[in-house]
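Residues take their numbers from the sequence shown, with the count starting at 1.
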Amino acid sequence: MRYRLTFIAGLATGYVLGSRAGRERYEQLRNAAQRISQNPAVRNTAESAALTGREAASKAFGTVSAKVGDRLPASVTDRVRSLREQRDSDEDDWGTSNT
């Protein structure tokens with residue numbers, strides 16, 4: 001899904017940059033993109049998708065850690081621990097709480 005969205009974003013960017021329609025069409029596209037990004041339904045869906053992704057990554061990390069155990073080098077273990085400590089805040093990437 002991420003690759004499709006990236007492709008669509010690239011396609012839209014290419015259209016805007018390569019368009020001969022001029023400034024008016026660019027402003028129309030920009031305003032439409034702003035309306036979509038500010039839509040509460042879109043924002044809620046994006047936030048829930050991010051939360052689901054974080055949960056899945058956490059479960060995968062737990063499973064891999066249980067199977068790998070102490071076989072990882074100390075440098076890798078220290079790096080993972082530091083990354084987990086950075087992510088253990090009450091705010092998400094948008095600066096809002098996950099309540």
Side-chain angles (χ1 to χ4, degrees):
M1 184 69 173
R2 183 179 81 182
Y3 298 111
R4 288 183 189 172
L5 292 176
T6 304
F7 176 75
I8 291 171
L11 189 65
T13 302
Y15 175 77
V16 169
L17 294 176
S19 175
R20 294 185 182 181
R23 185 73 177 177
E24 289 179 36
R25 184 65 181 149
Y26 168 76
E27 291 295 330
Q28 289 175 348
L29 291 171
R30 189 173 66 87
N31 290 336
Q34 281 182 335
R35 278 195 314 269
I36 290 170
S37 68
Q38 293 174 356
N39 185 338
V42 172
R43 293 183 73 113
N44 288 340
T45 303
E47 288 177 12
S48 66
L51 182 60
T52 303
R54 286 187 198 113
E55 290 172 356
S58 178
K59 288 179 184 177
F61 176 76
T63 303
V64 170
S65 294
K67 289 186 178 186
V68 173
D70 295 331
R71 293 181 288 202
L72 289 175
S75 61
V76 174
T77 305
D78 293 340
R79 179 68 178 150
V80 169
R81 186 175 296 119
S82 69
L83 289 173
R84 290 180 88 193
E85 289 171 358
Q86 288 175 3
R87 295 294 295 178
D88 285 343
S89 68
D90 290 339
E91 293 187 355
D92 61 8
D93 294 339
W94 298 95
T96 58
S97 64
N98 287 330
T99 57

Residues that Gln38 engages under side chain to side chain contact (heavy atoms under 4.5 Å, CB included), provided they are two or more places apart | none
Sequence-distant partners of Glu55, salt bridge (Lys or Arg N to Asp or Glu O under 4.0 Å), two or more places apart | none
Gap between atom CG of Leu51 and atom CG of Asn44 - 0.5 Å precision | 12.0 Å
Over 12 foreign heavy atoms within 6.0 Å of CZ, Arg30 = yes
Minimal heavy-atom distance between Ala41 and Thr45, with the atoms involved, is O-OG1, 2.8 Å
Going from CG on Leu11 to OG1 on Thr6, what distance comes out if it is rounded to the nearest 0.5 angstrom?
-> 12.5 Å
Under a single-linkage rule joining Ile, Leu, Val, Met, Phe, Trp and Tyr whose side-chain heavy atoms are separated by less than 4.5 Å, which residues share a cluster with Ile36?
-> Val42
